[in-house]
Peer 1: 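Pasting in a structure now, in structure tokens, and then I'll have a few things to ask.
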Number of protein chains: 2
Amino acid sequence: MSQDAQSRARSLAAQSAKVVMGSFVDPKDDMVRERARASFSSDELAGYLNGGSEVLQKRKQLIALMGQYSWADKRQRYHMTREEEYRGGVQAMLGIWQLMKEEKITQEDALEVRKALSLPGGLELHIGMFMPALMSQATSEQQAEWLPKAMKLRIIGTYAQTELAHGTFVRGLQTTASYDRDSQEFVVNSPSDTSTKWWPGGLGKTATHIILMARLFNNGKDLGPHSFIMQIRDLDTHLPLPGIRVGDIGPKFGYNGVDNGFIKFDHVRIPLNNMMMRFAKMSPEGKYTAPPPQNAKASYSALVYVRATIVEEAGWYLARSVTIAVRYTAVRRQTAAVAGGRELQVLDYQNTAHSLLPLLSTAYALIFMGKTAMQRYHDFEAARSNGDFSMLPDLHFMLSGLKALGTTLVSDGAEACRRCCGGHGYSMPSGLPTLFASYVQNATWEGDNNVLYLQAARSMIKGLAAVRAGKPAEGTAAYLTNAWQELSSTSRASCARDWRQPPVLIDALRHRAARLGIRALEKLQAAGHDQLQFEGSAWNDNTVDFIRAARAHSAFNLMQNFAESVSAVSKEGSVSGPASRALQLLVSLFGMFTVLSDLGDFLEDRYITGPMAAQLREEYYAVMQEVRPDAVALVDSFGFEDYVLNSALGRYDGDVYTALLEDASNSRLNKTEEGPAWHDILKPVLTAKRPQAKL
Amino acid sequence: MSQDAQSRARSLAAQSAKVVMGSFVDPKDDMVRERARASFSSDELAGYLNGGSEVLQKRKQLIALMGQYSWADKRQRYHMTREEEYRGGVQAMLGIWQLMKEEKITQEDALEVRKALSLPGGLELHIGMFMPALMSQATSEQQAEWLPKAMKLRIIGTYAQTELAHGTFVRGLQTTASYDRDSQEFVVNSPSDTSTKWWPGGLGKTATHIILMARLFNNGKDLGPHSFIMQIRDLDTHLPLPGIRVGDIGPKFGYNGVDNGFIKFDHVRIPLNNMMMRFAKMSPEGKYTAPPPQNAKASYSALVYVRATIVEEAGWYLARSVTIAVRYTAVRRQTAAVAGGRELQVLDYQNTAHSLLPLLSTAYALIFMGKTAMQRYHDFEAARSNGDFSMLPDLHFMLSGLKALGTTLVSDGAEACRRCCGGHGYSMPSGLPTLFASYVQNATWEGDNNVLYLQAARSMIKGLAAVRAGKPAEGTAAYLTNAWQELSSTSRASCARDWRQPPVLIDALRHRAARLGIRALEKLQAAGHDQLQFEGSAWNDNTVDFIRAARAHSAFNLMQNFAESVSAVSKEGSVSGPASRALQLLVSLFGMFTVLSDLGDFLEDRYITGPMAAQLREEYYAVMQEVRPDAVALVDSFGFEDYVLNSALGRYDGDVYTALLEDASNSRLNKTEEGPAWHDILKPVLTAKRPQAKL
């Protein structure tokens with residue numbers, strides 16, 4: 001091109017550019033404006049939510065420290081193959097172990113690093129299940145033999161319970177351990193393909209040992225599932241031991257850094273001493289001693305602990321998705337009403353706000369619920385150490401329902417956040433697909449959510465049956481003592497603004513829970529006999545209504561706890577006035593949204609009338625608009641560093657388009673200009689000389 | 001082990017096996033039993049739904065033919081890297097092209113092959129957008145130049161419209177094409193990072209040409225978006241032409257076989273003749289002729305066509321997920337009430353049936369809707385060829401709402417199906433994660449669902465405003481002529497069984513749509529001025545209620561069409577009595593479920609009273625139980641071959657556990673027994689001799 005033509009091109013394009021770029025707003029500027037309009041200090045609230053500003057400070061230091069290690073580099077995260085993810089996950093965990101040794105970071109800090117990294121790997125169950133199982137189920141002699149090796153990483157373990165054909169129903173496991181008195185060994189065997197152990201994390205290619213759950217047989221008698229420790233790989237070669245077929249089960253929706261594995265046993269002998277004998281016992285002569293009752297309670301406690309941690313973490317996971325979506329929709333502008341005018345921030349379309357702001361309030365509600373749940377678990381633990389298990393049933397009741405409700409809200413919420421981010425939300429570097437796909441397993445594992453709702457429903461129905469028999473309900477179910485009186489109550493909201501009052505909203509949710517609980521009890525009675533039957537067709541044919549009741553109960557728990565926690569924060573002055581007011585508005589928003597989402601439940605028995613419902617809806621829109629100016633500050637208050645979110649759309653500075661462009665350079669398809677299909681696939685066709693070719 | 005010990009082990013294990021396997025039911029046997037209990041012939045219904053049994057026969061032949069080609073092998077599908085998926089997608093499309101040449105298969109058959117293959121690749125937009133755009137927007141001279149090359153695959157094209165910062169709002173695109181009269185060329189330029197074209201399929205590494213949408217500037221005047229054809233890569237080397245930066249945007253949630261790409265222009269000159277001049281024109285002297293009005297209508301038609309195809313396919317996608325989930329939950333057994341008793345089929349838990357059977361009915365409703373939508377599109381096309389565009393607005397109205405409703409139902413339904421399959425639903429070989437992640441983009445592309453609902457709401461509100469001004473509403477909106485009379489109506493259901501009647505359900509959905517439509521009109525008027533304003537804050541601040549109205553309208557459309565279609569099938573005797581009765585039951589189930597899902601909408605104005613709602617709910621449970629025995633036959637009737645589903649859980653024969661085990665052998669982590677982390681990562685730690693190592 002001539003010099004002349006070139007400069008003409010530049011000048012023409014510059015003239016056009018002036019027009020097309022004239023009304024464009026830099027996302028970074030939008031972000032600055034959003035922060036300037038906040039009514040409170042997000043630094044202050046972030047400090048409070050995270051347990052003190054020093055915690056955040058510490059995390060920043062840890063992230064800086066991680067910057068020195070290649071295993072902590074997240075830039076390739078969305079571009080890795082399955083093998084790379086797996087290797088990365090193992091490397092990261094060993095890296096953290098190294099940090100503890102060399103940088104002398106504490107165990108607490110190591111947990112922070114692991115959380116910031118978000119790359120689960122082959123050692124998750126070594127830490128989370130194998131060692132805890134040894135500690136709780138092995139005798140002290142057994143612990144002395146195995147624990148030091150596990151702690152020194154001389155062996156790596158996992159926990160093998162689930163089988164191809166059995167998950168929920170542990171009593172139905174098909175792997176057998178038959179005691180051979182002659183040799184004083186157990187014969188571990190998989191009698192069928194369906195008995196293949198399937199799913200244990202780290203089992204595929206990492207673990208050298210497992211805690212095995214197998215049905216113990218003695219003299220032909222089925223003694224039910226018991227746990228054993230078992231070496232499965234040679235410690236020098238890492239090859240499977242004789243009689244063992246073990247491997248990776250293949251890719252999953254998410255969590256692909258973890259080598260979830262399978263294992264099948266062909267008459268493998270293990271010594272008598274490999275049975276975990278803290279509770280159940282087998283003598284060399286084949287005398288079996290059943291575990292005392294507290295064993296059941298102890299393993300119950302372990303279950304409850306895991307659910308408490310899931311509830312504790314739920315809100316923080318939703319907070320990640322919400323942070324990304326709120327920040328992005330606050331800087332994404334689309335569609336101008338007037339030609340050449342400024343386009344509107346996507347968060348300012350009412351339907352976007354309606355999708356995101358209630359989820360923002362849900363994240364807060366769940367975070368406060370998580371704090372309470374963990375506190376209640378610790379209270380129980382303190383009592384348990386004195387042999388007092390009395391808190392266990394109510395804790396189990398509460399956590400079953402909240403695990404189900406919380407993980408459903410977070411899973412569905414994560415996907416809703418993703419869809420609010422339009423096309424870019426479909427891109428891996430947005431971070432949102434990974435958040436959803438890796439989180440959603442929580443709706444299934446550690447008790448499928450429907451199964452857990454049904455456990456909560458059982459407690460609820462038992463409680464109501466007791467009340468009807470004249471006994472008061474207790475603990476989480478205390479409100480059921482007045483359940484039948486609830487039936488005739490109606491909402492006391494007398495004007496639109498009343499709907500902002502947490503007590504009005506809590507009353508509504510309590511009323512619904514009581515009503516649906518009674519309905520569930522009646523259903524079970526109508527279907528069953530005089531005695532309540534929590535199994536068989538009386539139970540199985542009515543699970544929809546039971547789940548409805550349990551869900552209503554848990555929603556009431558969640559709202560009540562949110563309101564009470566925020567009220568306590570205000571009273572104690574844990575945060576200053578403006579932050580406290582912002583939180584109170586979120587309580588109203590959450591309660592109103594929760595009632596509106598299931599409005600039929602309240603209209604059906606006229607607890608709320610049609611005109612009241614219309615007022616509630618309009619007031620909800622009004623509260624949503626009051627929350628809107630604080631939206632970015634409220635997500636800033638979760639305190640996530642950019643490193644933690646690892647999202648092109650969730651960047652603190654709002655520079656989203658630059659981030660997307662930068663990440664694209666990591667695409668494996670961009671390794672060469674021509675791409676991976678050119679030389680052997682496309683070129684022969686595109687440059688073919690045959691004129692007869694046609695599509 | 002001694003011979004003696006070995007035989008003792010075998011005998012002990014065999015004794016135990018007898019106990020643990022005693023009550024186990026082979027999934028294959030369950031499947032046989034499920035089919036035996038069906039009330040109608042699934043072969044017959046499958047033939048009808050697929051357009052004739054000869055269509056199914058033909059597809060089986062095509063699948064057999066595909067068995068000879070490695071590009072059609074799906075066994076590694078869930079294990080591929082990004083590069084492999086991309087190469088596979090290109091290879092497959094070239095393979096189909098080869099089939100057409102060598103096996104002389106028809107274009108229709110080629111489409112069947114493409115659908116059965118389900119591996120979108122870099123040539124999707126060459127076929128779906130590039131060639132159609134040339135055909136509709138190029139002059140005949142331009143077509144003569146480009147089309148033959150495109151058809152012979154001498155060039156590969158795509159359609160480049162969306163930019164980093166602009167998707168929905170096409171008028172806001174920032175790429176400019178400035179006419180340089182001196183050289184009779186356009187200067188194509190990207191004035192900013194945000195103007196980078198982003199998302200076009202095949203743009204990354206496959207396309208040599210693009211149809212470019214850019215803002216045309218002439219003499220400094222902005223003439224708005226126009227289309228151009230542009231070569232972007234050298235045909236011999238496949239390297240980008242000067243001034244062009246092009247590449248892949250990186251991995252996405254799904255659709256990773258496609259190289260969605262980006263492209264940025266640095267003052268690139270293209271000849272005058274590269275502007276698509278069928279409608280708008282530019283003379284060499286720089287005289288611009290605006291397109292005549294039918295151009296807008298023509299591009300409108302293209303939009304409408306794409307939406308019609310999305311609606312046509314929606315039900316079939318949901319049918320895939322439902323087939324997998326129903327088959328799996330019919331053979332998956334879990335939990336026995338009595339020790340040693342048979343465990344229950346998971347589909348026999350009421351909550352599972354409640355999750356899946358309404359989705360089964362939704363798939364049928366959408367399939368019938370798709371048939372109608374495509375029929376209506378063809379009617380329009382026939383009229384259009386005579387210059388009659390009068391059907392366009394109503395078709396656009398109908399399809400906007402149905403695209404939004406349909407793709408939301410299918411996306412959410414796919415994920416619900418996945419969760420019903422428990423842990424194994426999280427595994428890639430179940431096929432469910434891929435179905436969800438690759439389908440859910442439909443909720444965003446070709447008009448984000450909220451944007452489309454708002455388009456439908458606009459038509460609805462305009463229709464209602466016309467009615468109020470004394471004019472009758474027409475077409476899809478005809479029912480709105482009586483909208484105000486609807487306000488005072490109540491349901492005529494007088495007993496539980498009435499709720500099975502399609503007219504009772506259709507009336508309810510019509511009533512709701514009319515009520516919410518009027519509410520939307522009132523909202524817009526309250527917020528705006530005398531004139532209705534479909535923009536600005538009067539519009540943007542009330543989008544939640546507008547979307548509610550449009551959704552209600554579309555749900556009414558969907559139910560009405562389902563009932564009418566099935567009624568016509570029965571009257572015409574297109575299927576025999578038993579199949580027709582099964583379909584009628586699905587109509588009832590779908591309608592009842594739809595009303596129950598939004599019960600508050602009907603209770604709020606007491607169209608349905610509380611006691612009626614309770615009857616509806618119980619009747620719904622009863623219908624669900626009547627559908628249950630036909631569940632497997634109803635999914636068999638979709639007619640999917642195992643090759644098409646490619647799902648370990650959705651196998652026709654029910655042999656799900658064998659399928660999972662087989663697929664695991666393809667896991668890349670299983671290439672070696674030791675796994676990819678042993679030699680350089682794990683071994684040094686596990687075999688370290690340093691005694692001071694600790695966790």
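So you know, we letter chains A, B, ... as the sequences are listed, proteins then strands, and number each from 1.
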Peer 1: Does any heavy atom of chain A fall under 4.5 Å from the side chain of B/Phe436, the backbone, both, or neither of them?
Peer 2: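 Side chain only.
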Peer 1: Below 4.5 Å from any heavy atom of chain B, which atoms of A/Trp445 appear? Answer side chain, backbone, both or neither.
Peer 2: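 Neither the backbone nor the side chain of A/Trp445 comes within 4.5 Å of chain B.
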Peer 1: Under a 4.5 Å cut-off applied to non-hydrogen side-chain atoms, are A/Ile249 and B/Ser667 in contact?
Peer 2: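 In short, these two side chains do not touch, never coming nearer than 4.5 Å.
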Peer 1: I'd like to know which of A/Gly600, A/Ala613, A/Gly675, A/Pro433 tops the heavy-atom pair count under 4.5 Å against chain B.
Peer 2: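 Of A/Gly600, A/Ala613, A/Gly675, A/Pro433, A/Pro433 has the most heavy-atom pairs under 4.5 Å with chain B.
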Peer 1: Under 3.5 Å, is there a donor-acceptor pair linking the side chains of B/Glu343 and A/His166?
Peer 2: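 Checked: B/Glu343/A/His166 side chains pair up, N/O donor to acceptor below 3.5 Å.
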Peer 1: Given heavy-atom pairs under 4.5 angstrom as the criterion, report whether the side chain, backbone, both or neither of A/Thr335 touches chain B.
Peer 2: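 Contact with chain B involves both backbone and side-chain atoms of A/Thr335.
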Peer 1: Which atoms of A/Val338 come close to chain B, meaning under 4.5 Å heavy atom to heavy atom: side chain ones, backbone ones, both, or neither?
Peer 2: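 Answer is neither: A/Val338 stays 4.5 Å or more from chain B.
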Peer 1: Testing A/Thr176, A/Thr175, A/Leu173 one by one against B/Val20 for a side-chain contact (heavy atoms from CB on, under 4.5 Å), which residue passes?
Peer 2: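 Passing option: A/Thr176.
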Peer 1: Which bit of A/Trp198 comes within less than 4.5 Å of chain B, counting heavy atoms only: side chain, backbone, both or neither?
Peer 2: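 It is the side chain, since no backbone atom gets that close.
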Peer 1: Are any non-hydrogen side-chain atoms of B/Glu83 and A/Lys671 less than 4.5 angstrom apart?
Peer 2: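 Yes - at least one pair of side-chain heavy atoms lies under 4.5 Å apart.
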Peer 1: Measure the spacing between OG of B/Ser411 and CD of A/Glu415 and express it to the nearest 0.5 Å.
Peer 2: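 Atom-to-atom, B/Ser411:OG and A/Glu415:CD are 7.5 Å apart.
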Peer 1: Is the backbone N or O of A/Pro251 less than 3.5 Å from a side-chain atom of B/Arg668, with the two atoms forming a donor-acceptor pair by type?
Peer 2: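 Answer holds: no.
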Peer 1: Please classify the contact between A/Thr543 and chain B as side chain, backbone, both or neither, with a heavy-atom cut-off of under 4.5 Å.
Peer 2: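 Contact with chain B is through both the backbone and side chain of A/Thr543.
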Peer 1: Does a side-chain heavy-atom distance below 4.5 Å link A/Leu603 with B/Phe602?
Peer 2: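 They are not in contact (no side-chain heavy atoms under 4.5 Å apart), so the answer is no.
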Peer 1: Set out, in order, the CA-CA distance, both residues' side-chain angles and the distance that settles side-chain contact (heavy atoms from CB on, under 4.5 Å) for B/Phe253 and A/Arg418, then state yes or no.
Peer 2: CA-CA 10 Å; B/Phe253 200 6; A/Arg418 202 192 58 69; 3.6 Å; yes
Peer 1: So for A/Leu235, is it side chain, backbone, both, or neither that comes closer than 4.5 Å to the heavy atoms of chain B?
Peer 2: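 The backbone, not the side chain.
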Peer 1: If every non-hydrogen atom of A/Leu669 is compared with every non-hydrogen atom of B/Lys205, which pair is closest and at what distance?
Peer 2: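 Heavy-atom minimum between the residues: O-CE, 3.1 Å.
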Peer 1: Is the closest side-chain donor-acceptor distance between A/Thr81 and B/Thr81 under 3.5 Å?
Peer 2: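 No pair is found: no donor N or O on one side chain lies under 3.5 Å from an acceptor on the other.
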Peer 1: Strictly distance-based, threshold 3.5 Å: is any side-chain N or O of A/Asp193 a donor or acceptor partner for the main-chain N or O of B/Thr658?
Peer 2: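 No; zero donor-acceptor contacts below 3.5 Å.
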Peer 1: Against chain A, label B/Leu12 side chain, backbone, both or neither, depending on which of its atoms sit under 4.5 Å from a heavy atom there.
Peer 2: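 When you check distances to chain A, atoms from both the backbone and side chain of B/Leu12 fall under 4.5 Å.
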Peer 1: Could you tell me which non-hydrogen atom of B/Ala165 sits nearest to which non-hydrogen atom of A/Phe24, and how far apart they are?
Peer 2: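 Reported closest heavy-atom pair: CB-CE1, 4.0 Å.
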Peer 1: Most heavy-atom pairs under 4.5 angstrom with chain B, which of A/Leu344, A/Asp222, A/Asp236?
Peer 2: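 Heavy-atom pairs under 4.5 Å are most numerous for A/Asp236.
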Peer 1: At a heavy-atom distance under 4.5 Å, which candidate from A/Asn450, A/Asn449, A/Asp259, A/Asp448 has the highest pair count against chain B?
Peer 2: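 Maximum pair count with chain B is reached by A/Asn450.
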Peer 1: Does any N or O in the side chain of B/Arg269 come within less than 3.5 Å of the main-chain N or O of A/Gln6, such that one atom is a donor and the other an acceptor?
Peer 2: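 Between the backbone of A/Gln6 and the side chain of B/Arg269 there is no qualifying donor-acceptor contact (under 3.5 Å).
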Peer 1: Side chain from CB out, backbone as N, CA, C, O: work out which of these in A/Ala13 comes under 4.5 Å of a heavy atom of chain B, or both, or neither.
Peer 2: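 For A/Ala13, backbone and side chain are both near chain B.
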Peer 1: Given the options A/Tyr179, A/Tyr78, A/Trp199, which has more heavy-atom pairs under 4.5 Å with chain B than any of the others?
Peer 2: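 That would be A/Trp199.
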Peer 1: Does B/His424 use its side chain to pair, donor to acceptor, with the backbone of A/Leu164 at less than 3.5 Å?
Peer 2: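 Flag set: sc B/His424 to bb A/Leu164 pair under 3.5 Å.
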Peer 1: Measure the shortest side-chain to side-chain distance between A/Met21 and B/Ser192 over non-hydrogen atoms and say whether it is less than 4.5 angstrom.
Peer 2: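 They are in contact (side-chain heavy atoms under 4.5 Å apart), so the answer is yes.
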Peer 1: Can you tell which part of B/Tyr349 gets under 4.5 Å to a heavy atom of chain A, answering side chain, backbone, both or neither?
Peer 2: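 B/Tyr349 touches chain A through backbone and side-chain heavy atoms alike.
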Peer 1: A/Arg333 versus chain B, heavy atoms under 4.5 Å apart: side chain, backbone, both or neither?
Peer 2: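 Only the backbone of A/Arg333 comes within 4.5 Å of chain B.
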Peer 1: So which part of A/Phe262 gets closer than 4.5 Å to some heavy atom of chain B, the side chain, the backbone, both or neither?
Peer 2: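 For A/Phe262, side-chain heavy atoms alone lie under 4.5 Å from chain B.
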Peer 1: Select one option (side chain, backbone, both, neither) describing which atoms of B/Leu596 are under 4.5 Å from chain A's heavy atoms.
Peer 2: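 Neither the backbone nor the side chain of B/Leu596 comes within 4.5 Å of chain A.
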Peer 1: Measure distances from B/Arg87 to the heavy atoms of chain A and classify the residue's part below 4.5 Å as side chain, backbone, both or neither.
Peer 2: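 Both backbone and side chain.
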Peer 1: Among side-chain atoms of A/Asn542 and B/Tyr621, is any donor-acceptor pair under 3.5 angstrom?
Peer 2: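 A/Asn542 vs B/Tyr621: no donor-acceptor pair found between side chains.
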Peer 1: Would you name the heavy atoms of A/Ala688 and B/Arg154 that are closest together and state the gap between them?
Peer 2: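 Where A/Ala688 meets B/Arg154 most closely, the heavy atoms are O-NH2, 2.8 Å.
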Peer 1: Would you mind checking which part of B/Asp348 comes under 4.5 Å of any heavy atom in chain A, side chain (CB onward), backbone (N, CA, C, O), both or neither?
Peer 2: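 Backbone only.
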Peer 1: Are the side chain of B/Gln334 and the backbone N or O of A/Phe169 linked by a donor-acceptor pair below 3.5 Å?
Peer 2: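 Flag set: sc B/Gln334 to bb A/Phe169 pair under 3.5 Å.
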Peer 1: Heavy-atom pairs under 4.5 Å with chain B - which of A/Thr206, A/Val440, A/Asn351, A/Asp545 has more of them than the others?
Peer 2: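 Max contact count across the listed options: A/Asn351.
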Peer 1: Considering non-hydrogen atoms only, spot the tightest contact between B/Leu686 and A/Leu153 and give its length.
Peer 2: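 Smallest heavy-atom distance, with atoms named: CD2-O, 3.3 Å.
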Peer 1: What residue, out of B/Leu599, B/Asn189, B/Thr194, B/Thr162, has the most heavy-atom pairs lying under 4.5 Å from chain A?
Peer 2: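 That would be B/Thr194.
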Peer 1: Ignoring hydrogens, what is the shortest heavy-atom contact between A/Tyr426 and B/Ala437? Give both atom names and the distance.
Peer 2: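 It is OH-O, 2.6 Å.
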Peer 1: Which region of A/Thr687, side chain (C-beta onward) or backbone (N, CA, C, O), has a non-hydrogen atom less than 4.5 Å from a non-hydrogen atom of chain B, or is it both or neither?
Peer 2: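 When you check distances to chain B, only side chain atoms of A/Thr687 fall under 4.5 Å.
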Peer 1: Go through A/Gln15, A/Glu185, A/His354 and name the one with the most non-hydrogen pairs under 4.5 angstrom from chain B.
Peer 2: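 Top option by heavy-atom pairs under 4.5 Å: A/His354.
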Peer 1: Could you go step by step and tell me if A/Glu674 and B/Thr237 meet the side-chain contact (heavy atoms from CB on, under 4.5 Å) rule?
Peer 2: CA-CA 8 Å; A/Glu674 303 93 327; B/Thr237 64; over 6 Å; no
Peer 1: Output, in order, the C-alpha distance, side-chain angles, deciding distance and verdict of side-chain contact (heavy atoms from CB on, under 4.5 Å) for A/Arg606 and B/Arg606.
Peer 2: CA-CA 10 Å; A/Arg606 311 208 75 207; B/Arg606 311 208 75 207; 3.6 Å; yes
Peer 1: Side chains of B/Val187 and A/Arg10: does their closest heavy-atom pair fall under 4.5 Å?
Peer 2: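 Heavy-atom side-chain distance check fails, nothing below 4.5 Å.
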Peer 1: Looking only at heavy atoms and a cut-off of under 4.5 Å, which of B/Arg332, B/Gln91, B/Arg171, B/Arg82 has the most pairs with chain A?
Peer 2: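 Of B/Arg332, B/Gln91, B/Arg171, B/Arg82, B/Arg332 has the most heavy-atom pairs under 4.5 Å with chain A.
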Peer 1: Pick one of side chain, backbone, both or neither for A/Ala614, based on which atoms fall under 4.5 Å of a heavy atom in chain B.
Peer 2: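 Both backbone and side chain.
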Peer 1: For a quick test of reading the model, state the closest non-hydrogen atom pair linking A/His267 to B/Ala9 and the distance between them.
Peer 2: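 Where A/His267 meets B/Ala9 most closely, the heavy atoms are CD2-O, 3.7 Å.
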Peer 1: Indicate yes or no for a side-chain donor-acceptor contact from B/Arg419 to the backbone of A/Thr444 under 3.5 Å, with no hydrogens or angles considered.
Peer 2: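 Checked: no pair found.
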Peer 1: Under 4.5 Å from any heavy atom of chain B, what part of A/Asn666 do you find: side chain, backbone, both or neither?
Peer 2: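 Answer is neither: A/Asn666 stays 4.5 Å or more from chain B.
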Peer 1: Chain A: which of B/Leu432, B/Val90, B/Asp541 shares the most heavy-atom pairs with it under 4.5 Å?
Peer 2: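 The residue among B/Leu432, B/Val90, B/Asp541 with the greatest pair count is B/Asp541.
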Peer 1: One pair to check against side-chain contact (heavy atoms from CB on, under 4.5 Å): A/Tyr657 and B/Ser195. What are the steps and the verdict?
Peer 2: CA-CA 10 Å; A/Tyr657 301 117; B/Ser195 69; over 6 Å; no
Peer 1: Would you check if the side chain of A/Glu673 reaches a backbone N or O of B/Leu239 as a donor-acceptor pair within less than 3.5 Å?
Peer 2: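 Between the backbone of B/Leu239 and the side chain of A/Glu673 there is no qualifying donor-acceptor contact (under 3.5 Å).
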Peer 1: Which region of A/Leu94, side chain (C-beta onward) or backbone (N, CA, C, O), has a non-hydrogen atom less than 4.5 Å from a non-hydrogen atom of chain B, or is it both or neither?
Peer 2: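 It is the side chain, since no backbone atom gets that close.
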Peer 1: So for A/Asp180, is it side chain, backbone, both, or neither that comes closer than 4.5 Å to the heavy atoms of chain B?
Peer 2: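 Contact with chain B involves both backbone and side-chain atoms of A/Asp180.
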Peer 1: Could you tell me if the side chain of B/Ile156 sits less than 4.5 Å from the side chain of A/Leu682, heavy atoms only?
Peer 2: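 A/Leu682 vs B/Ile156: side chains touch.
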